[in-house]
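Structure record follows, encoded as structure tokens.
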Amino acid sequence: MDTYSPIEIEAKWQSRWDELGTNLFSRDDLASAEKPYFNLMMFPYPSAEGLHVGNIYAYTGADVWGRYQRLRGHDVFQPMGFDAFGIHSENYALKVGVNPNDLIPSNISNFTRQLRRIGAMFDWNHTVDTTDPNYYRWTQWVFLKLFEAGLVEKREAPVNWCPSCKTVVANEQVIQGLCERCDSAVEQRQIEQWFLKITEYAQRLLDGIEHIDWSSRTLSAQNNWIGRSEGADIDFPIVGRDESIRVFTTRPDTICGATYMVLAPEHPLIDVLTNDEQRETVDAYVEQAKRLDLKARQYVDRPKTGTWIGAYCENPITGAQMPVWVSDYVLIEYGTGAIMAVPGHDERDFEFASTFDLPIKRVISRNGSNNAGLMTEAYVGDGVMVNSGEFDGLTVAEGKRAIVQKLETNGLATGQVRYRLHDWCISRQRYWGPPIPIIYCDDCGPVPVPESDLPVMLPHLEEFKPDDSGKSPLARDTDWCTTDCPTCGGVGTRETDVSDTFLDSAWYFMRYPCTDTDEVALDQEMVKKWLPVNSYIGGHEHAVLHLLYARFVTMAFHDHGILEFGEPFEKFRAHGILTKDGRKISKSRGNVIIPDDLIAEWGADTVRLYLMFLGPFEQGGDYQESGIRGPASFLDRLALSVAEASDDKGDEQVLQAMHRTIDKVSSDIEQLKYNTVISALMEYLNVVREGGRTCTKQELEPIIVMLAPFAPHLAEELWERLGHNSSIFESGLWPEADPELAKVETFEIGVQVNGKLRGSIFVTESTTENEALSLAQSNERVATHLDSVDVRKVIYVPGRILNIVVG
RNA sequence: GCCCAGAUGUUGGAAUUGGUAGACAAGCUGGCCUUAGAAGCCAGUGCCUUCGUGGCGUGAGGGUUCAAAUCCCUCUCUGGGCACCA
């Protein structure tokens, strides 16, 4: 009989887990769990292609964490679901000419099969499918709650329109002016849209960053995305008028170096201030700027363009007159849509001033000396104010305060904080999403659909291809659109936009523990017991999309009395990505790896172990199939060792190594350094089997427990073969290192002479410097280097190194 | 341009956070066992070398230190994010 035949063993344990409900919770189980631990991972979009090896990598790493927590004695709830709405599914459905409704179920069952095959401990009693009316009914409810909270607004706004997807896309979905889905150049359009007012939470989202245990790179991405800037709004009086131009600046200290003003092409004052001579030129410029699509406009390396509009402002500090220009390098959507240009200390202004021969003036000097020479580039660094009259000599920081203070007394300035974050546009002029639950009535205006009328069902459309009308295909189903106004009972028309997929995923984790009821979205008993999520693991690509939206919805629900907590995920870890031969894995490169064959060949345990062994989980690694033999033969040797193991007491030396291994594994697994966990287990097995010695059960049991998160099927099997008759995951078996046994008694340390390694000596913890030195001196190799020289200094770091400085 | 990661043998990677660089694997070479080997076992494997108890070596160059893959400065390259955000 084979000691280890993965296919049989894995089938055996998967069906046993199913029979015993090892990973399943009933509602009662959920309610009575003593040590609840919610282990969440990002749910997939169920594509037709199935899970690729990158998905398996991510889910295995998250499952390892969940199983580890389980071995620590927690009641680990680990659900899985499917994020099946959205443009991605819809475009695929259009391509193959099938309604997405008919496509999704088979994709989901294929995903489920794959996810079961890798042996992750998902609770298949608690799943979500965002396209199920029993789910999206509650997504619509989420919208209504945000509406009640005053966080939903319809307004006409310039939005990113993808001409290929024929829909609006969020700022977060525009990558360098291109649609993230199809890479078409995004255009600017003015359309009425539904917005969620996430900007009201900008500061809260920023403040919360201090208090959550997340991967630092994810937090830094959110930080940059929110983009807080501190500065001031300053009014520049317009010469010959009773009005002024308000600008936002983060550098009030450079105001004396402001030599002209710039308005964004869309700025309302342009029309008012342009004089007759300039009118034609300005109109032409503004027209041309409006025609530019967002991609062209955001292209940074484009030469600066613009024109003088024939007006002047007065510098409120120096009194100097400054011409007012219009240029598309100033953006209407940020700040006040107008700037004071300081070419001496801003790179963009410098470039503009150089192009149009506008004066460039130094007002900040690195060392305080007033070097009057020509500036050849903008100086943006720190320094001291010069050429600024009474303010000369102040540092940048002092100057910022002093200028604002002086202007505040005249009412010309106010301290101001601004954010780059924009409101979240959730309208999508597409078919495959939850209809936004709003009804328009000629008398009552837009009215929210009453909760009792949810869900607003998405009709089954034969023809769901979007057109260029700017309206959703739902608008073509007039039967569906026509309804009664919930307020007055008159004729109403349904909103035909559907919501962004990111609304589906902004709250899905809250639904998982509540799926036993269809009466309410959130079962408060379950919410209190299981939320917030204890650990969330997922891709870093969602740093500023999903993860920010989920925080926003949670905060809004907290403020609205629905949730008691304000942050959804206590701990978040971004996993690394897998490369193939050092290159990113992607469909376009044609190097996608579907894991099914690999698992069929090697078994799930070996594949899991191999993937986790590739590199640190948070950094990813390079997938090289030949490397799978290492983990495979490790499992073989372990199975062999168990088969041969005796009932004798373990060897003392081996048990010491065992406790050191427990120590290392326990600390590395906490840091998700799964690769070194596995290498520590391998090293220990090498010690156990050294010289072909027969090992004992006592020496092997803990290693099997520590391996269980990685290779759960084999661990169960070996546990059973060692004579245990309950599941290894049942009773919190994670071993505890005995500090006495883990302690190393004698160790070898290096001996250096003048920093160069010349030999080594064996010492104990209590070896003194003098003892170490005499040990070193009696070492032949070291002694040669001490001949006929004086010892000048001895550095002895117990347990680390002995360095003898001679000369 | 800015921000964040990173660069270590033939390859994936390790290094107690300043203390014996290359753990654990893969690959390769040789051997044992075997009808067989994706099984098991043993040995070797950074480079140079006059083979010495020698020299060199963690992207490049400089610095700090008794001691640097690790800290500091300058630069190069790779991956990712943001991008005219005033």
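The basis for the numbers below is simple: all heavy atoms, side chains too, and nothing from hydrogens, waters or symmetry mates. Every chain is numbered from 1 and lettered A, B, ... according to where its sequence line falls, protein lines coming before strand lines. As the structure is a prediction and not an experimental result, all values here were calculated from the model.
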Indicate, with a heavy-atom threshold strictly under 4.0 Å, whether [X] touches base, sugar-phosphate, or nothing.
| X | value |
| --- | --- |
| Gln619(A) | nothing |
| Asp349(A) | nothing |
| Glu683(A) | sugar-phosphate |
| Ile749(A) | base |
| Phe613(A) | base |
| Ser633(A) | sugar-phosphate |
| Asn803(A) | base |
| Arg418(A) | nothing |
| Arg689(A) | sugar-phosphate |
| Glu601(A) | base |
| Lys664(A) | nothing |
| Lys580(A) | nothing |
| Ile339(A) | base |
| Ser626(A) | sugar-phosphate |

In terms of side-chain heavy atoms of [X], which of [options] is nearest?
| X | options | value |
| --- | --- | --- |
| Lys793(A) | rC84(B), rC66(B), rA83(B) | rC66(B) |
| Thr676(A) | rA15(B), rA86(B), rA38(B) | rA15(B) |
| Pro631(A) | rC66(B), rA15(B), rA25(B) | rA25(B) |
| Ile795(A) | rA38(B), rA86(B), rC66(B) | rC66(B) |
| Pro616(A) | rG40(B), rG13(B), rG1(B) | rG13(B) |
| Asn224(A) | rC3(B), rG40(B), rA86(B) | rC3(B) |
| Arg800(A) | rC24(B), rA38(B), rG19(B) | rG19(B) |
| Arg629(A) | rU20(B), rC24(B), rA26(B) | rA26(B) |
| Arg637(A) | rC56(B), rC66(B), rG40(B) | rG40(B) |

Assigned partner base of rU29(B), Watson-Crick or wobble definition, under 3.5 Å: rA43(B)
Opposite nucleotide pairing with rU78(B), Watson-Crick or G-U, both atom distances under 3.5 Å: rA5(B)
Test item: side-chain donor near acceptor, Arg420(A) and Asn224(A), under 3.5 Å: no
Lys304(A) to Phe352(A), cation-pi by 6.0 Å centre distance and 45° axis angle: no
Distance between C1' atoms of rC77(B) and rC84(B) (Å, rounded): 28 Å
Step-by-step side-chain hydrogen bond (donor to acceptor under 3.5 Å, both in side chains) determination, Tyr419(A) to Thr199(A): CA-CA 8 Å; Tyr419(A) 304 89; Thr199(A) 52; over 6 Å; no
Gap between atom OH of Tyr796(A) and atom CD1 of Ile749(A) - 0.5 Å precision: 5.0 Å
